[in-house]
Protein chains: 2
Amino acid sequence: MMAKSKYLVIADEIKKRILEGVYPARELMPDQNSLAKEFQVSRMTVKKSLDRLASSGLIYKQSGLGTFVLGNIPIKAAGDTPANAFNGLTEQHGAEKIESKVISFEVKFPSVDIQKRLDVAKDSPVYEIIRLRIVEGDPLILEHTFMPVNLVPGLNEEILKSSIYEYLHHELKLKFGGAYRKIRACLPDEYDKKYLNASEHDPMLEFEEIVWLNNGKNIEYSTSRNRFDKRSYTVLDVNDF
Amino acid sequence: MMAKSKYLVIADEIKKRILEGVYPARELMPDQNSLAKEFQVSRMTVKKSLDRLASSGLIYKQSGLGTFVLGNIPIKAAGDTPANAFNGLTEQHGAEKIESKVISFEVKFPSVDIQKRLDVAKDSPVYEIIRLRIVEGDPLILEHTFMPVNLVPGLNEEILKSSIYEYLHHELKLKFGGAYRKIRACLPDEYDKKYLNASEHDPMLEFEEIVWLNNGKNIEYSTSRNRFDKRSYTVLDVNDF
DNA sequence: CAGTGGTCTAGACCACCCT
DNA sequence: GGGTGGTCTAGACCACTGG
């Protein structure tokens with residue numbers, strides 16, 4: 001295991017100083033040369049640290065002027081669910097609080113749509129999984145997932161009841177490369193009514209996604225739904241030009 | 001104006017090669033040293049180009065192995081609306097296709113909530129604007145916006161009918177620093193029914209956001225709604241560890 | 001004008017992967 | 001071992017900002 005990079009250590013330290021008010025919000029913080037001298041590193045390394053903080057929305061750099069500390073974001077709350085986050089529910093809430101009920105677990109040949117979305121041949125089997133995720137006794141999300149069998153050997157109900165991501169990462173040693181998600185509102189269907197206690201006209205928030213591995217192979221296509229009053233998604237957008 | 005940086009030029013060229021299939025999907029592309037030699041730059045510069053492409057989801061780099069070209073994203077479509085994009089509707093659709101109807105345009109003292117969200121004093125006036133955005137004759141989005149008057153002097157109905165962003169950027173020379181958005185589903189209210197032709201039980205997709213400038217000052221707090229069947233939002237998430 | 005951040009270099013060492 | 005990408009350096013030049 002490699003030691004933590006200098007630029008990460010420095011980024012953490014600067015972040016700490018910002019959060020503690022050592023570098024106050026809405027003011028300039030020390031310039032890159034001073035920081036480089038203080039931390040005994042080259043300016044490039046300091047810049048890399050600042051780039052990180054800038055892309056997380058904590059500071060804003062302006063050539064010729066300096067580096068501003070930005071303020072807190074008023075509508076940002078601790079319970080927010082970032083729309084770009086890989087960690088499944090289990091990591092977000094902790095394994096104790098979460099429970100998974102397997103509604104359906106089948107293997108089948110993929111439909112034309114699923115062939116396209118997972119980039120698999122028509123005779124290459126896929127799992128089709130429907131799971132209800134329950135947080136602190138409250139039914140939260142209904143997941144409808146497809147995964148190629150050849151990429152996920154040995155999947156079973158026991159795993160589905162705990163954490164698929166855990167299995168993929170630690171047992172199969174797979175690494176995610178990225179994901180593309182679509183968020184929309186929709187009407188409830190029979191499953192939503194049955195499992196999420198949605199009434200006839202409760203709006204549903206739907207989350208459709210494709211996840212791929214670091215080798216480019218698609219590992220998952222899924223649609224997840226939750227009741228409109230249970231969950232929203234957040235996005236941070238940082239301007240970079 | 002500065003000339004385009006080398007690393008941007010190189011990133012564009014590599015992107016072009018990927019899209020044209022010179023570097024085929026799901027295969028390794030040339031290593032950084034070869035590219036550095038080809039483009040007559042240092043390896044650091046090539047790496048910077050590749051970092052850009054990696055964070056846009058086009059390639060994936062793995063230490064010790066090489067750089068993979070990733071494939072197309074199946075559910076990604078040309079008409080997708082990225083949840084992280086600053087350009088208003090006008091830029092997304094082109095000024096000809098879009099029309100804005102001003103439902104309400106007022107100046108008032110901010111409520112306690114708005115004081116917090118815009119970080120303004122209680123006696124510092126704010127604009128409250130309700131606009132209906134119509135694309136190709138179709139009512140698409142109902143926007144409810146608050147902006148501090150002192151940051152946006154001279155706002156008038158004429159501007160509201162065309163493009164606020166245009167005014168902010170080109171007339172007032174303001175630059176956005178970032179935005180934080182929450183996406184959720186909700187029930188239609190009277191405005192939605194009246195202006196977006198939502199029926200009693202049509203789910204609505206709501207987009208709540210705060211936008212700040214590069215100096216950290218909050219320029220806008222708004223909630224926008226569209227009918228569930230008219231629009232969805234997309235997010236690209238790239239794994240970086 | 002001096003100071004800022006952005007870019008770029010040539011070279012170095014490292015951890016990692018495959019053989 | 002040989003090749004990959006990741007990090008880091010010491011220094012350089014640039015464009016932009018402010019006084």
Side-chain angles (χ1 to χ4, degrees), chain A residues 1-14 23 27-55 58-70 172-175 177-178 213-216 238-241, chain B residues 1-14 23 27-55 58-70 173-175 177 213-216 238-241:
Chain A
M1 194 57 162
M2 173 163 143
K4 209 171 178 184
S5 310
K6 286 189 193 179
Y7 79 96
L8 291 176
V9 174
I10 294 172
D12 283 348
E13 171 61 25
I14 294 175
Y23 302 151
E27 290 184 21
L28 286 171
M29 50 174 277
D31 64 277
Q32 296 181 355
N33 279 312
S34 313
L35 292 168
K37 191 166 287 183
E38 184 201 331
F39 290 110
Q40 292 287 306
V41 296
S42 75
R43 185 162 74 94
M44 283 288 282
T45 302
V46 167
K47 182 178 179 299
K48 213 168 167 182
S49 308
L50 296 183
D51 285 345
R52 256 185 98 77
L53 299 180
S55 75
L58 213 58
I59 60 175
Y60 183 88
K61 292 176 275 122
Q62 188 161 359
S63 187
L65 241 171
T67 302
F68 291 98
V69 178
L70 296 177
L172 300 179
K173 308 287 184 199
L174 299 175
K175 279 181 190 164
L213 300 174
N214 54 13
N215 58 15
V238 172
N239 207 351
D240 64 333
F241 48 126
Chain B
M1 194 57 163
M2 173 160 143
K4 209 171 178 184
S5 309
K6 286 189 192 178
Y7 79 97
L8 291 175
V9 174
I10 293 171
D12 283 349
E13 171 61 24
I14 294 174
Y23 303 150
E27 289 184 22
L28 286 170
M29 50 173 278
D31 65 275
Q32 297 180 356
N33 279 311
S34 313
L35 292 169
K37 192 167 286 182
E38 186 202 329
F39 290 110
Q40 291 288 306
V41 296
S42 75
R43 185 162 74 94
M44 284 287 283
T45 303
V46 167
K47 184 179 178 296
K48 213 167 168 183
S49 308
L50 296 183
D51 285 345
R52 254 185 101 75
L53 299 179
S55 74
L58 214 57
I59 61 175
Y60 183 87
K61 292 174 275 125
Q62 186 162 0
S63 188
L65 243 171
T67 302
F68 291 97
V69 177
L70 296 176
K173 308 288 185 199
L174 299 175
K175 280 181 188 163
L213 300 174
N214 55 12
N215 59 14
V238 171
N239 206 352
D240 63 333
F241 47 125

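A, B, ... follow the sequence lines: proteins, then strands. Residue 1 opens every chain.
- With rounding to the nearest 0.5 Å, the separation of CG in A:N239 from CG in B:N214 is 8.5 Å.
- Against DNA chain D, the stretch residues 34-46 of chain B makes heavy-atom approaches under 4.0 Å through B:R43, B:M44.
- You'll find the side chain of B:N33 stays beyond 4.5 Å of the side chain of B:K37, heavy atoms only.
- The interatomic distance linking B:K4 (NZ) with C:dG6 (P) rounds to 18 Å, in whole Å.
- A:Q62 places its CD atom 13 Å from the C1' atom of C:dG6, with the value rounded to the nearest Å.
- Not one side-chain nitrogen or oxygen of A:S63 sits closer than 4.0 Å to the OP1 or OP2 atom of D:dT17.
- Each of D:dT7, D:dG5, C:dT7 was ranked by its minimum atom distance to the side chain of B:T67; first place goes to D:dG5.
- Under 4.0 angstrom from either OP1 or OP2 of C:dT7 there lies at least one side-chain N or O belonging to B:K48.
- Rounded to an integer number of Å, the gap from A:N214 CG to D:dG5 P is 14 Å.
- When all heavy atoms of A:K6 and A:T45 are compared, the closest pair comes out as CB-CG2, 4.2 Å.
- Between B:I14 and B:L35 there is a side-chain heavy-atom pair separated by less than 4.5 Å.
- Side-chain N/O atoms of B:K61 include none lying less than 4.0 angstrom from OP1 or OP2 on D:dT4.
- A straight line from NZ of A:K173 to C1' of C:dC17 spans 16 Å, rounded to a whole angstrom.
- At least one side-chain heavy atom of B:R52 sits under 4.5 Å from a side-chain heavy atom of B:L8.
- Between the CG atom of B:L28 and the C1' atom of C:dC16 there is a distance of 15 Å, rounded to whole Å.
- Atom CG of A:D51 is separated from atom C1' of C:dG6 by 9 Å (rounded to the nearest Å).
- As judged by a 4.0 angstrom heavy-atom cut-off over every strand, A:K47 is placed among the base-contacting residues.
- Residues B:V69 and B:E27 have side chains not in contact (no heavy-atom distance under 4.5 Å, counting atoms from C-beta outward).
- A straight line from CD of B:Q32 to C1' of C:dA10 spans 15 Å, rounded to a whole angstrom.
- Rounded to whole Å, the distance from CD1 on B:I59 to C1' on D:dT4 is 14 Å.
- The phosphate of D:dC8 has neither OP1 nor OP2 within less than 4.0 Å of any side-chain N or O from A:Y7.
- When atom types are taken as modelled, the side chain of A:S49 and the backbone of A:Y7 share a donor-acceptor pair closer than 3.5 angstrom.
- In terms of position on DNA chain D, the residue among B:D31 and A:K6 whose nearest nucleotide sits closer to the 5' end is B:D31.
- Between A:L65 and A:L8, the residue whose closest nucleotide on DNA chain D is further toward the 5' end is A:L8.
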